[in-house]
Amino acid sequence: MTVKLYAFTCGTVTGEFAHLMEGGEGDITVPIPVFLIEHPRGRALFDAGLHPDCQHDPAGRLGPRLSGLFRIGFKPGEEVSARLEAIDRDPARIDLVINSHFHFDHVGGNALIPNATMLVQRREWEAGMDPDTATKRGFNPRDFDLGHKLRLVDGEHDVFGDGSVVCLPTHGHTPGHQSLRLRLNSGEIVLAADACYFCRTLRERRLPRYVPDREAMLASLDRLETLEKSGARIYFGHDPEFWRSVPQAPAAIA
Ligand SMILES: [Zn+2]
């Protein structure tokens with residue numbers, strides 16, 4: 001069974017480093033990754049990046065709080081649909097969008113993937129559909145409540161039924177955050193997403209400034225560390241230094 005993985009950078013976000021990692025100094029610009037997974041039984045994205053409106057009116061799209069915290073670097077041609085078209089993949093023929101969670105830099109691009117089924121943890125969906133929780137967690141239903149078919153899962157979930165692509169619950173950053181474990185010919189990879197922004201988040205347990213559930217996040221980091229010790233390569237969610245070592249599409253990671 002051959003699974004292919006491609007990585008794209010769909011813009012950047014700049015903000016205060018200490019907001020994203022305890023002890024960080026100054027500002028940091030981080031990549032917004034999107035992954036394409038090609039499996040014989042279907043084509044999936046893991047996360048979808050920013051909404052295209054962020055290219056011309058980030059404040060209008062994100063609102064005053066988020067646009068006060070982050071400066072968006074996002075040009076036409078960097079949105080997920082353009083990235084796919086650049087390697088001859090039709091955004092209308094993506095079968096699944098697996099969202100790690102409902103923050104704007106992960107789910108905004110769902111709007112550009114019209115025919116996919118959205119696969120998320122049930123807990124995340126329920127948090128997103130509850131107006132109070134959504135506001136508290138910084139979720140905007142306009143990003144994800146778009147009428148996509150839904151596949152809501154509880155905990156670990158084998159996406160294609162053969163163990164090659166598995167959702168791993170890594171809650172804490174948000175109520176239903178999930179990471180993705182991939183078995184490629186070259187070995188095992190875990191796309192951590194925002195369960196682990198940086199390499200140092202894992203090595204030094206330096207958490208972001210605001211963590212809704214600290215204990216759950218620490219337990220998720222323990223889980224990632226265990227996977228790493230068993231041979232998986234962890235892909236950190238927003239680590240610019242790490243990201244420089246990742247082959248970008250059109251090259252496949254494996
Ligand atoms: Zn993020």
Side-chain angles (χ1 to χ4, degrees), residues 7-22 24 27-35 45-55 58 61-63 65-74 78-80 83 97-112 118 120-121 123-124 127-128 134 136-144 167-180 190-202 206-214 216-217 220-221 224 234-243 246:
F8 312 94
T9 310
C10 294
T12 61
V13 163
T14 301
E16 197 193 332
F17 197 2
H19 182 79
L20 301 176
M21 191 188 81
E22 191 190 330
D27 280 354
I28 186 168
T29 296
V30 304
I32 300 182
V34 171
F35 297 92
L45 290 182
F46 183 59
D47 285 334
L50 297 160
H51 191 277
D53 286 358
C54 293
Q55 289 172 350
R61 178 73 200 181
L62 302 177
R65 192 188 145 266
L66 285 171
S67 57
L69 282 170
F70 302 113
R71 295 189 300 286
I72 306 295
F74 192 37
E78 293 179 337
E79 68 277 15
V80 61
R83 293 297 199 210
V97 180
I98 304 167
N99 291 114
S100 60
H101 66 300
F102 281 165
H103 281 154
F104 69 96
D105 54 322
H106 297 260
V107 78
N110 282 25
L112 301 169
M118 183 168 79
V120 292
Q121 293 283 321
R123 290 167 60 114
E124 193 74 356
K136 248 191 252 162
R137 298 291 156 246
F139 298 163
N140 182 351
R142 282 200 302 164
D143 282 339
F144 48 84
C167 298
L168 304 176
T170 44
H171 308 331
H173 177 72
T174 60
H177 188 284
Q178 60 182 352
S179 303
L180 198 68
V190 176
L191 307 176
D194 291 2
C196 189
Y197 284 148
F198 305 105
C199 181
R200 288 173 73 192
T201 314
L202 188 62
R206 289 176 188 257
L207 300 192
R209 182 178 286 154
Y210 302 109
V211 180
D213 187 338
R214 226 183 143 78
M217 182 153 201
S220 294
L221 289 170
L224 292 174
I234 308 295
Y235 275 50
F236 306 104
H238 288 294
D239 190 323
E241 210 173 304
F242 170 77
W243 196 242
V246 174

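Computed from heavy atoms alone, side chains included, the values below leave out hydrogens, waters and symmetry copies. Every number for a ligand or one of its atoms is a count from 1 in the order of the listing. Not measured: the values here are computed from a predicted model.
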His106 and His238 aromatic ring geometry - parallel, tilted or perpendicular at 30°/60° bounds: perpendicular
The Zn ion (ligand 1) - name of the N/O/S atom of Asp194 that sits closest to it: OD2
Distance-only polar pair, side chains of Ser220 and Thr170, donor-acceptor under 3.5 Å: no
Backbone of Glu22 reached by a side-chain donor or acceptor of Arg206 within 3.5 Å: yes
Residue His106, metal the Zn ion (ligand 1), N/O/S under 2.8 Å: yes
Exceeds 12 heavy-atom contacts within 6.0 angstrom, atom CZ of Arg209: yes
Degrees at the Zn ion (ligand 1) between the OD2 atom of Asp105 and the NE2 atom of His238, nearest 10°: 90°
